[in-house]
Amino acid sequence: MSSTLAYKILKNHLISGELKAGEEITIRIDQTLTQDSTGTMVYLQLEAMDIEKVKTELSVAYIDHNTLQTGFENADDHQFIKSVAKRHGIIFSKPGNGICHQLHLENYGKPGKTLLGSDSHTPTGGGLGMIAIGAGGLDVAVAMAKGTYSLTVPEVMGIKLKGSLKPWVSAKDVILHILKQLTVKGGVGKIIEYTGEGVSALSVTDRATITNMGAELGATTSVFPSDENTRKYLESQGREEDHIPLSADEDAVYDHTLEVDLSLLTPLAAKPHSPDNVDTVFDIGEIKVDQVAIGSCTNSSYTDLMKVAGILKGSKVHPDVSLVISPGSSKILNKMAENGALADLISSGARIIENACGPCIGMGQSPRSGAVSLRTFNRNFKGRSGTADADVYLVSPETAAISAIKGVLTDASTYGMMLPSIEPAFFEPNHSFIVSADDGDTGKTPLEMGPNIKPFPRNESLKDSIKANVTLSAGDNITTDDIMPSDSRLLPYRSNIPHLSGYCFEKIDPDFSGRCKKAGSCAISGGDNYGQGSSREHAALVPLFLGVKFVIAKSFARIHRSNLINSGIIPLVFSDPSDHDRIKVGHELLIENALSQIKSPEVTVKNLTTGEKYITETNFSETEKAIILAGGKINYIKQEAEHEL
Ligand code: MIC
Ligand code: SF4
């Protein structure tokens, strides 16, 4: 039978279940990646599972988020992760090596393999023809311990690309166009698969920009075929032997389809404060720009930065603009130092900052009050830059570079400059930032835990009667940045849930945390796409710590829903979305007979304050039901292990 590429790869990794949309399956995971901001928690959870060596073919622990080291906390976390990596045969990538997704693409990603990462942009690997999925930290810890991952089979959306891009239009414009069409929840429950003759007009790094921002569509992952361009990319990284050709069958049938004519696209920008708030740069007009930031896992490849260097060569950054550039990897920076492009950037007035996430996660370079900041990143949620009233626009590297020169947002195609041409480059491996997995004495290295590393909260098995006070009623598209903000002030505390608990929902309702502490047992009422954005399980662990028992929402984003279940917090979906408006802060809610209700398709929630009853849908798989009953995934795993004895 003919098959999509996504299902071919899943089929090759199928351990149990039926490969049919909506069914629960377990697949083999070949590779995992973690980064430091979610990593400390992942490795605390891995330690709780008592394993010797990881069961994957390859697992890598990257340090790229918390690299400011404003106090001992970050450095202690890094040391802890390094010690765990050594114990269990995990490759350790030191700070300064680069951004996890860019590094994984360069050094380890392989067509046809599965990758699970504790970061929502793990689907970047789909640019190489992998099934690369972002997940909560606990799921990644389990993948390392057992080599498996369970998921509900997504539908597959085929996006057919036609034609090729005009000069000054690039991969970022393609994904911004798709975000405008599908919105930030258009990909939920779907794998996005790219097909059509337009695919061959895109390099692997272009494809990776597109699959990276598939996360912003809410998609489980995105995937491109593996073809001659894939071979060339792997060859440029000295890994041609890792190439295999892969594509969907000619007559593959997709659950949904969309066609994009690349030749019709023009430079686009996502306006504040959502990646799907997209318009043409031309229509937005020449707004004055204060800051331009180029980099992040979306647009920090060699080609992206060489384009920027070519544009800036011989020009000056506008006097009113601060231009910051964070290269994706040490290899890229090295190559640009060798070929003189780095000097071109510095001479133009660009600030070169560390090869790390940096400004993308608010670790430095926050713009001034009320600033306009153009960023080649993937998220422009309000306040994420570290400046609450800044207006962040997401743009391509070309638009960013030309606008940095002109000082106003500029449609680069109207600037009258020739697009710089870029010679293909070949990269030597840079082992200087890598502590290889074989160097360790698996299982024997002592764990090094600094004083900022606190145990993670554990839930109790589900009670039959759950009474909870509503401590928040939230709108649509609440992000995990809203739930558990992350910036240079809070990122150092990713391994300290008690400390973070004081800041939960801080930007939306500063009293939330205090209200929860007073109520003891609480519930949240949410809108559509609740928990979109980052994979941080802190957005579930902190509410757990604060006593949140269940969240009722109009709909949930995939990774956050799993993180809630893994923490034993019940995610319920309103049958009648208008019930959301009837639930107010301070209402007392009650779920009776929870132990049996949770197993059925619907759960009735009583409002003890108003006397109303709300029907909510569960949609839990059998495993999810068992996890909720056990009070979270760690308890569930322990129970399973006891059964096996
Ligand atoms: C992000 O882009 O928000 C992050 C920081 O990379 C997160 C992970 C985190 O919260 O640490 C992500 O995308 O998963
Ligand atoms: Fe890092 Fe930003 Fe990419 Fe997240 S989105 S991994 S913070 S560069």
Side-chain angles (χ1 to χ4, degrees), residues 33-42 61-68 74 77 81 93 95 97-105 116-125 132-137 139-140 172 175 208-209 211-216 218 221 275 293-301 304 324-329 353-365 375-381 383-386 392 394 479-488 490-495 500 531-542 557-560 562-563:
L33 71 78
T34 58
Q35 40 88 341
D36 49 325
S37 75
T38 53
T40 320
M41 210 45 81
V42 176
Y62 296 98
I63 306 291
D64 55 357
H65 282 61
N66 296 323
T67 57
L68 275 188
N74 290 165
D77 279 2
I81 294 175
S93 165
N97 197 18
I99 307 173
C100 57
H101 307 301
Q102 176 65 34
L103 289 171
H104 209 82
L105 205 66
L116 197 73
S118 66
D119 190 283
S120 59
H121 292 103
T122 304
T124 312
I133 302 178
D139 286 323
V140 178
K172 181 61 149 269
I175 187 65
T209 295
T211 56
N212 173 284
M213 282 191 76
E216 276 53 67
T221 189
I294 298 177
S296 91
C297 56
T298 317
N299 280 112
S300 61
S301 68
D304 282 341
V324 289
I325 299 181
S326 37
S329 75
I353 55 173
E354 193 175 12
N355 316 326
C357 298
C360 180
I361 184 62
M363 292 299 270
Q365 276 69 41
R375 300 178 161 216
T376 66
F377 308 168
N378 47 37
R379 292 184 171 145
N380 59 345
F381 304 145
R384 183 175 159 98
S385 66
V392 175
L394 305 176
T479 69
T480 47
D481 280 34
D482 294 327
I483 305 173
M484 197 52 254
S486 218
D487 52 25
S488 56
L490 293 179
L491 213 54
Y493 295 97
R494 282 296 187 91
S495 48
L500 289 180
Q532 68 157 332
S534 126
S535 69
R536 68 189 68 141
E537 60 194 336
H538 304 74
L541 289 173
V542 172
R558 176 186 64 91
I559 306 180
H560 186 60
S562 298
N563 285 341

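If you're wondering where the values come from, they're calculated on a predicted model, not measured in any experiment. Each ligand, and each atom within it, is numbered from 1 in the order the structure gives.
- Checked options Ser120, Ser385, Ser534; the residue passing with Arg379 is Ser120 (criterion: side chain to side chain donor-acceptor pair (under 3.5 Å)).
- Below 4.0 Å from some heavy atom of Asn378 lie the following atoms of ligand 2, by number and element: 5 (S).
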Show your working on side-chain contact (heavy atoms from CB on, under 4.5 Å) between Thr38 and Gln35 and close with a plain yes or no. CA-CA 6 Å; Thr38 53; Gln35 40 88 341; 3.5 Å; yes
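- Between the side chain of Asp487 and the main chain of Gly386, no donor-acceptor pair closer than 3.5 Å is present.
- With rounding to the nearest 0.5 Å, the separation of CG in Asp36 from CG in Asn74 is 7.5 Å.
- Atoms of the protein (N, O or S only) found under 2.8 Å from atom 1 (Fe) of ligand 2 are Cys357 SG.
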Go through the steps for Ile99 and Asn355 under the test side-chain contact (heavy atoms from CB on, under 4.5 Å), then give the verdict. CA-CA 7 Å; Ile99 307 173; Asn355 316 326; 5.8 Å; no
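- Among residues two or more places apart in sequence or in another chain, the side-chain hydrogen bond (donor to acceptor under 3.5 Å, both in side chains) test is passed with Ser488 by none.
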Start with the C-alpha distance between Thr376 and Lys172, add both sets of side-chain angles, then the distance that settles side-chain contact (heavy atoms from CB on, under 4.5 Å), and finish with yes or no. CA-CA 8 Å; Thr376 66; Lys172 181 61 149 269; 4.3 Å; yes
With the criterion set at N/O pairs under 3.5 Å, what does the list of contacts between the protein and ligand 1 look like, atom names and distances included?
from, atom 1, to, atom 2, distance (Å)
ligand 1, 2 (O), Arg379, NH1, 3.1
ligand 1, 2 (O), Arg384, NH2, 2.8
ligand 1, 3 (O), Arg379, NH1, 3.0
ligand 1, 3 (O), Arg384, NH1, 2.9
ligand 1, 3 (O), Arg384, NH2, 3.3
ligand 1, 3 (O), Arg536, NH2, 3.2
ligand 1, 6 (O), His65, NE2, 2.8
ligand 1, 6 (O), Asp119, OD2, 2.7
ligand 1, 10 (O), Arg494, NH1, 3.4
ligand 1, 10 (O), Arg494, NH2, 3.0
ligand 1, 10 (O), Ser534, OG, 2.9
ligand 1, 10 (O), Arg536, NE, 2.6
ligand 1, 10 (O), Arg536, NH2, 3.3
ligand 1, 11 (O), Gln35, NE2, 3.3
ligand 1, 11 (O), Ser37, OG, 2.3
ligand 1, 11 (O), Arg494, NH1, 2.9
ligand 1, 11 (O), Arg494, NH2, 3.4
ligand 1, 13 (O), Ser120, OG, 2.5
ligand 1, 13 (O), Arg379, NH1, 3.0
ligand 1, 14 (O), Ser120, N, 2.8
ligand 1, 14 (O), Ser120, OG, 3.3
ligand 1, 14 (O), Ser535, N, 2.8
ligand 1, 14 (O), Ser535, OG, 2.9

How far apart are the C-alpha atoms of Arg375 and Val392, what are their side-chain angles, what is the distance that settles it, and do they pass the side-chain contact (heavy atoms from CB on, under 4.5 Å) test? CA-CA 7 Å; Arg375 300 178 161 216; Val392 175; 3.5 Å; yes
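- Partners of Asp481 by salt bridge (charged side-chain N to carboxylate O under 4.0 Å, His left out), not counting sequence neighbours, listed by chain and number: Arg384, Arg536.
- Asn563 contributes atom CG, which lies 7.5 Å from atom CG of Leu541 (distance to the nearest 0.5 angstrom).
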